[in-house]
Amino acid sequence: MTASHTVSILGVPVHAVTAAEALALVERFMTEPRLHQIATVNPEFVMAAQQDPEFRRILNAADLCLPDGIGLLYAARRLGRRLPERVPGSAFVYQMAERAAARDWPLFLLGAAPGVAEAAAGVLCNRYPGLCVVGTYAGSPDPAENEAIVRRINDSGAALLFVAYGAPKQDKWIDRNRTALMTVRVAVGVGGSLDFITGRAVRAPQWMQDAGLEWLHRLYKEPWRWRRMLALPRFALKVLFSKG
Ligand code: UDP
């Protein structure tokens, strides 16, 4: 970890930052000549990391773990710590794109279903004139495709990279390629954000987000997630019975 202070939640670090502070860190990362990895941590990540030592190691080595998930704020409080606010990855991608337009950071969008990254690039370029999207590609997190994808990104000269392969695949993909990606300074696992940007998926209404009920909206829209979402009550119980 290279950034400000963290709260450790069941062995997973979460940075105590606001969105504005996180953006300031991205600015700093851009000036340092190496790849910086950003993860958007939520309770599902924390529970997956309990069973997956490689994922846990990657999150511990990441330069910034954003508190994406209201459950993390409750968990921190229970541990006698404080996370200042929720920083949802799906909102932070817009802020990063806006800053990329202002600072001329070339952006590459990797992942999601075919056509989605291109459509998301169109939406972002419309919204932030001057934004330079140097590449979009669905590809696949399959190791067989690794080399060709890395070559594509290196040829593009991207400084900012969004990887939309879902967790933990996207975070493992970034970790695996952190030294091979020559021009990327900041790589972010963005989950379903490209689907949200294009309108293929719709975020919960603001009142539900404010009430900490975004998970309920997701369950309603994507009921096949129910098994994965069992991680939420398991997370709550584990935090409740953990020794702070
Ligand atoms: N995805 C992909 N290839 C894969 C698995 C997932 O491109 O092998 C994409 C999927 O199309 C979606 C994104 O990864 O756009 C995130 O998926 P999900 O919503 O499951 O991730 P989460 O945000 O819950 O981590």
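Both counts, for ligands and for their atoms, begin at 1 and track the order of listing. The structure displayed is predicted, hence computed values, not measured ones. Quick note: numbers below take in every heavy atom, side chains included, and nothing from hydrogens, waters or symmetry partners.
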Starting from atom 18 (P) of ligand 1, find the nearest protein heavy-atom neighbour and note its residue, name and distance. R225 NH2, 3.4 Å

Of all pairs that satisfy salt bridge (charged side-chain N to carboxylate O under 4.0 Å, His left out), the ones with a partner from residues 175-191, not counting sequence neighbours: R57-D175, D63-R178

I need the full list of salt bridge (charged side-chain N to carboxylate O under 4.0 Å, His left out) pairs touching residues 119-141, with sequence neighbours left out, sorted by first then second residue. none

Contact check, M229 vs ligand 1, heavy-atom distance below 4.0 Å: no

Any carboxylate oxygen within less than 4.0 angstrom of a Lys/Arg side-chain nitrogen, looking at R218 and E214? no

Tell me the contacting part of R218 for ligand 1: side chain, backbone, both, or neither, using a 4.0 Å heavy-atom threshold, strictly below. side chain

Using heavy atoms and a threshold below 4.0 Å, how should the contact between R228 and ligand 1 be classified: side chain, backbone, both, or neither? side chain

Which of the atoms in ligand 1, numbered in the order shown and given with their element, are less than 4.0 Å from a heavy-atom of [X]?
X	answer
D195	12 (C), 15 (O)
A113	11 (O)
G191	13 (C), 16 (C), 23 (O)
A164	1 (N), 2 (C), 7 (O), 9 (C), 13 (C), 14 (O)
A167	25 (O)
K169	5 (C), 8 (O)

Whether H36 and F29 hold their rings parallel, tilted or perpendicular, with breakpoints at 30° and 60°: parallel

